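Everything on this sheet refers to the single structure shown next.
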Protein chains: 2
Amino acid sequence: MAQMAQTTPTPGPGADTGANTGTGATTGGGATTGTRDRIVVAAARLLQRQGYVGTGIKQIAKDAQATLGSVYHFFPGGKEAVAVAAIAYSGEEFAVLLREALSSVEDPGAAIEACTAELATGLRESGWIDGCPVTAAALETLGTESEIQRACAAALGGWERLVEEKLLGAGFDAADARELATTVISALEGAEVTAQVNRTEEPLRMVGRQMARLIGTYGNEGARDAGTAAAGR
Amino acid sequence: MAQMAQTTPTPGPGADTGANTGTGATTGGGATTGTRDRIVVAAARLLQRQGYVGTGIKQIAKDAQATLGSVYHFFPGGKEAVAVAAIAYSGEEFAVLLREALSSVEDPGAAIEACTAELATGLRESGWIDGCPVTAAALETLGTESEIQRACAAALGGWERLVEEKLLGAGFDAADARELATTVISALEGAEVTAQVNRTEEPLRMVGRQMARLIGTYGNEGARDAGTAAAGR
DNA sequence: GCAGCGCTAGAACGAACGCTCTATCTAGAG
DNA sequence: CTCTAGATAGAGCGTTCGTTCTAGCGCTGC
């Protein structure tokens with residue numbers, strides 16, 4: 001999320017069938033990515049902004065500079081199949097961001113706080129519309145037996161695992177790491193929504209500070225330095 | 001819990017909806033009827049489950065046992081006006097639940113934890129579909145200039161204020177109370193989504209525990225006034 | 001040249017959407 | 001009794017939805 005450019009290095013971690021001949025691209029000038037990739041990226045972006053129901057197949061095709069025929073050629077499963085691929089893509093995209101933020105700072109709490117700062121900046125720069133790529137799609141399809149929820153759960157679980165591993169690496173107890181990871185990811189999700197609705201970075205920054213403080217309270221085993229700046233007052 | 005709507009999971013032929021003529025508390029003599037209330041309640045329930053775009057006006061009318069003409073009679077503003085009223089209703093509905101949970105326990109952290117437990121139970125009993133009533137609608141309409149986001153922001157802000165006041169009453173510093181309130185509400189929102197997607201109560205229970213712990217870290221320096229005894233939990 | 005194939009292209013379908021419209025019913029005032 | 005405004009009822013408008021369908025394009029192998 002937060003990344004505007006569709007020139008991102010196309011993570012495409014799974015099920016990336018090379019396949020793209022790239023011969024077409026009648027109008028697409030310059031370095032053309034494969035049609036399939038363009039569809040996935042466009043769908044991810046639209047899903048993030050308008051949700052699953054609010055995004056039409058034709059709009060996806062148009063934004064991807066593809067035609068309806070191409071969409072159904074690459075995704076015989078229709079709209080749902082496109083959405084699943086898009087969510088998986090978005091999930092990995094944010095995982096990259098999260099991984100970088102977590103590895104750039106040694107202290108887990110400070111790393112989380114840095115992550116919220118980055119999210120806040122990206123959110124503001126997007127005009128408060130590019131939120132969590134999976135939340136909206138997940139909420140809309142809960143009542144159905146859609147495959148989409150599974151994709152959302154996988155993305156969420158992957159993010160939690162990244163945080164959990166970071167905590168484990170810092171010497172946290174296994175149970176604590178798991179509970180904290182779930183808490184951190186949930187809080188980040190909620191803070192993103194709150195920030196979007198109120199059009200302000202504050203919720204994300206507040207939650208970042210509080211999560212750092214929370215993580216800091218566990219500094220019993222590992223030789224952790226004093227809690228970050230949150231010990232104010 | 002203020003259960004104003006039936007918990008019939010399936011839109012059965014029902015008709016058991018209480019004949020609520022004049023349910024409106026503020027009957028200053030207006031020509032209000034039960035139909036309007038039924039529309040609002042049905043819309044709130046559908047919005048909660050399917051989001052704004054995924055819910056049709058005709059479905060609202062059908063579930064409310066009203067007709068399209070009645071819906072447009074009471075809400076000349078159309079679908080958006082119905083949604084705004086429904087979100088305000090849902091917001092107050094959860095505010096009641098939150099107020100009760102907060103006032104039933106003296107310690108703020110324990111009260112929040114009790115609230116998450118109640119949310120978890122309700123979510124499980126609904127089959128993981130009755131989540132936060134404003135999140136889905138909010139996310140779908142962020143890109144537009146809809147009035148809906150304002151209603152969602154108002155609901156969220158009201159909930160935060162309830163938590164904030166509870167903390168202030170427990171002797172918290174004003175800045176701490178505000179930041180904690182935002183964090184708690186955001187975390188609750190995110191935890192609800194995570195719980196729904198994974199179909200388990202664990203995220204809510206974990207977040208409840210961690211929020212209680214986080215709130216508890218603010219009590220050690222003193223600053224608690226006489227009214228509250230030592231930290232309960 | 002010419003089949004074969006991956007991919008592009010868009011017309012067309014039935015269903016559902018939000019909304020407008022007219023018509024009917026009900027209840028109270030004169 | 002009539003009159004009238006509020007409320008109910010649903011047919012139907014134009015649009016858009018997801019999907020299917022049939023051509024046609026550019027390229028490869030022969």
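Chain A is the first sequence line, chain B the second, and so forth, proteins listed ahead of strands; every chain is numbered from 1. Values in this document were obtained by computation on a predicted structure and should not be read as measured data.
Counting only N and O atoms by type, the side chains of A:Thr35 and A:Ser70 include no donor and acceptor under 3.5 Å apart.
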>> What does the B/S/- profile of nucleotides 15-26 of chain C look like, 5' to 3', with a 4.0 Å heavy-atom cutoff to protein?
In response: ---BBB------
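Salt bridge status for B:Arg150 with B:Glu147: present, with a side-chain N to carboxylate O gap under 4.0 Å. We find that B:Glu202 and B:Arg205 are not joined by a salt bridge, their nearest charged nitrogen and carboxylate oxygen being 4.0 Å or further apart. A salt bridge links B:Glu92 to B:Arg99: one of the charged nitrogens lies within less than 4.0 Å of a carboxylate oxygen.
D:dA9 atom C1' lies 15 Å from atom CD of B:Gln65, rounded to whole Å. Between the CG atom of B:Asp37 and the P atom of D:dA7 there is a distance of 12 Å, rounded to whole Å. For the pair A:Ile39 CD1 and C:dT8 C1', the interatomic distance rounds to 11 Å; values are reported in whole Å. Atoms NZ (B:Lys62) and C1' (D:dA9) sit 16 Å apart, rounded to a whole Å. The CZ-C1' distance, from A:Phe75 to D:dT19, rounds to 16 Å in whole Å.
For A:Thr35, a side-chain nitrogen or oxygen approaches OP1 or OP2 of C:dT8 to under 4.0 Å. Regarding contacts with the backbone of D:dT8, every side-chain N or O of B:Thr67 stays at 4.0 angstrom or more from both OP1 and OP2.
What you find for B:Tyr52 and B:Leu47 is that their closest heavy atoms are CA-CD1, 4.3 Å.
Residues passing the side-chain contact (heavy atoms from CB on, under 4.5 Å) test with A:Glu100, sequence neighbours excluded: A:Val96.
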